[in-house]
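Here is the structure we will look at.
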Amino acid sequence: MSRRKKCSASEKIVPMDNKYKLFLNNFELTAKQKEFLKIAFDEDTKIIFVSGPAGSSKTFISIYAALQLFNMNMERDIFYVRTIAESGEKNLGSLPGDVNEKFHPFMMPLMDKLTELMRPDQIKLMLEENIIQCAPINYLRGASWANKLVIADESQNFTKKELITLITRIGENSKYFICGDTMQSDINGKTGFEPLLNIFDDEEAKGHGIHTFRFSKEDIVRSEILKFIVDRLENNKIK
């Protein structure tokens, strides 16, 4: 269960002439999360590589930032991207149904965070109007994105080629949140996340709007037991 402390949900009614305005639940944000949001809300920021262990709020704070940014400029859609490489034994083709049905299990982290942040009627509206969309990384070649708020989740499972494909799709008025945990790659050492994180981890990249942001085990908000587990794994160099 999440340890994020909810303050109060807004009871405002969405105006009929502004049906897409989002009224998000309020949370007590940590100093580190506020630091992240300051970078995210900067109009000069184009890409943020977000690194951190499980439970450190990488996905939550990135989705929260994207929803707030949508409220600031409703011309931008939200696009959630994941890989289907959860293990070496499964692939998208082996799952039943069409592409949307196959990808549905991989959308659950997004749906969990949306449920935590928003009213069900607003989630339903955003999905039905395709303001929030989802796709596997494997289906993005040839796309070019303008006016998009892109959240790439579990990016430690993207190969270097897939991650380069993703970041080279960026268009005007778009912003990327590329979230990954270097301790949890499932693709046998082929991850592109940590190499690209390191490539863009300098002041010149920041000057071009590309930032790296690292959460640590001290930022874990999910549970105290998870902090202990991550600490023990790090200290014993298990990756």
Side-chain angles (χ1 to χ4, degrees), residues 1-4 6 22 24-25 27 29-30 32-33 36-37 40 47-70 77-87 90-92 95 97 99-120 122-124 126-127 130-140 148-159 162-163 166 175-187 191-193 197 213-215 217 219-223 225-227 229-230:
M1 181 177 294
S2 172
R3 289 173 58 85
R4 284 186 283 272
K6 188 183 295 185
L22 302 178
L24 305 180
N25 294 326
F27 293 86
L29 300 175
T30 67
K32 195 70 172 288
Q33 289 170 335
F36 173 87
L37 291 175
I47 297 174
I48 311 178
F49 288 89
V50 193
S51 176
S56 59
S57 79
K58 301 182 301 296
T59 303
F60 170 83
I61 201 64
S62 295
I63 292 173
Y64 178 83
L67 294 171
Q68 294 284 20
L69 286 163
F70 171 80
D77 299 330
I78 297 172
F79 207 98
Y80 179 81
V81 182
R82 278 190 66 170
T83 178
I84 50 82
E86 290 301 306
S87 76
K90 293 183 179 180
N91 58 58
L92 197 61
L95 299 175
V99 172
N100 290 332
E101 291 170 331
K102 291 171 186 284
F103 192 58
H104 182 74
F106 301 96
M107 289 171 52
M108 295 313 296
L110 169 66
M111 296 307 299
D112 287 346
K113 302 303 184 293
L114 292 178
T115 300
E116 193 172 355
L117 285 163
M118 297 166 58
R119 299 195 317 250
Q122 291 202 310
I123 297 173
K124 183 173 183 289
M126 298 284 279
L127 292 172
N130 288 323
I131 295 169
I132 296 178
Q133 302 177 59
C134 311
I137 185 70
N138 320 60
Y139 287 73
L140 300 185
K148 295 284 185 186
L149 299 164
V150 179
I151 302 156
D153 205 7
E154 302 293 344
S155 295
Q156 74 276 0
N157 289 331
F158 294 6
T159 65
E162 288 172 334
L163 201 45
L166 176 69
K175 198 180 294 277
Y176 281 29
F177 303 93
I178 302 175
C179 308
D181 177 358
T182 56
M183 292 180 65
Q184 294 198 62
S185 178
D186 297 313
I187 55 174
T191 178
F193 177 72
L197 178 81
F213 195 92
R214 288 175 169 84
F215 289 101
K217 60 180 179 288
D219 301 305
I220 292 174
V221 294
R222 190 175 298 166
S223 65
I225 185 63
L226 184 55
K227 284 186 180 181
I229 292 170
V230 170

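These figures come from a predicted structure and were not determined experimentally.
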Quick one, Leu114 and Tyr80 - any side-chain contact, counting heavy atoms below 4.5 Å? no
pair Leu110-Ile132: side-chain heavy atoms closer than 4.5 Å: yes
Test your reading of the model: is there a side-chain donor-acceptor pair from Lys124 to the backbone of Arg119, 3.5 Å cut-off? no
Nearest 0.5 angstrom please: Phe158 CZ to Thr191 OG1, how far? 9.5 Å
Identify the heavy atoms of Val50 and Ser62 that sit nearest to each other, and give their distance. CG2-OG, 4.1 Å
Spacing of CG belonging to Leu22 relative to CD1 belonging to Ile123, to within rounding of 0.5 Å: 10.0 Å
Worked verdict on Leu166 versus Leu163 for side chain to side chain contact (heavy atoms under 4.5 Å, CB included): CA-CA 5 Å; Leu166 176 69; Leu163 201 45; 4.0 Å; yes
Evaluation steps, side chain to side chain contact (heavy atoms under 4.5 Å, CB included), between Thr182 and Arg214: CA-CA 11 Å; Thr182 56; Arg214 288 175 169 84; over 6 Å; no
Is the side chain of Lys175 donor-acceptor paired with the backbone N or O of Ala40 at a distance under 3.5 Å, no angle test? yes
State the OH-CD1 distance between Tyr176 and Ile151, to the nearest 0.5 angstrom. 12.5 Å
Are Gln33 and Ser57 linked by a side-chain donor-acceptor pair shorter than 3.5 Å? yes
Side chain of Gln156, backbone of Phe193: donor and acceptor closer than 3.5 Å? no
Out of curiosity, Leu37 CG to Phe213 CZ, how far, rounded to the nearest 0.5 Å? 8.5 Å
Find the distance between CE (Met108) and OG1 (Thr115) and round it off to the nearest 0.5 Å. 8.0 Å
Do Phe27 and Tyr64 make the cut of ring centroids closer than 6.0 angstrom? no
How far apart are the C-alpha atoms of Asn130 and Asp77, what are their side-chain angles, what is the distance that settles it, and do they pass the side chain to side chain contact (heavy atoms under 4.5 Å, CB included) test? CA-CA 8 Å; Asn130 288 323; Asp77 299 330; over 6 Å; no
Short side-chain to backbone donor-acceptor contact, Lys58 and Pro53, under 3.5 Å: yes
Rounded to the nearest 0.5 Å, how far apart are CD1 of Ile78 and CE of Met126? 4.5 Å
Looking at Phe79 and Val81, what are the two nearest heavy atoms and their distance? CD2-CG2, 3.5 Å
Sub-4.5 Å side-chain heavy-atom contact between Ser56 and Lys32: no
Whether the side chain of Ser155 engages the backbone of Cys179 through a donor-acceptor N/O pair (distance < 3.5 Å, no angle test) should be reported. yes
What's the verdict on side chain to side chain contact (heavy atoms under 4.5 Å, CB included) for Leu29 and Ile61, showing C-alpha distance, side-chain angles and the deciding distance? CA-CA 9 Å; Leu29 300 175; Ile61 201 64; 4.2 Å; yes
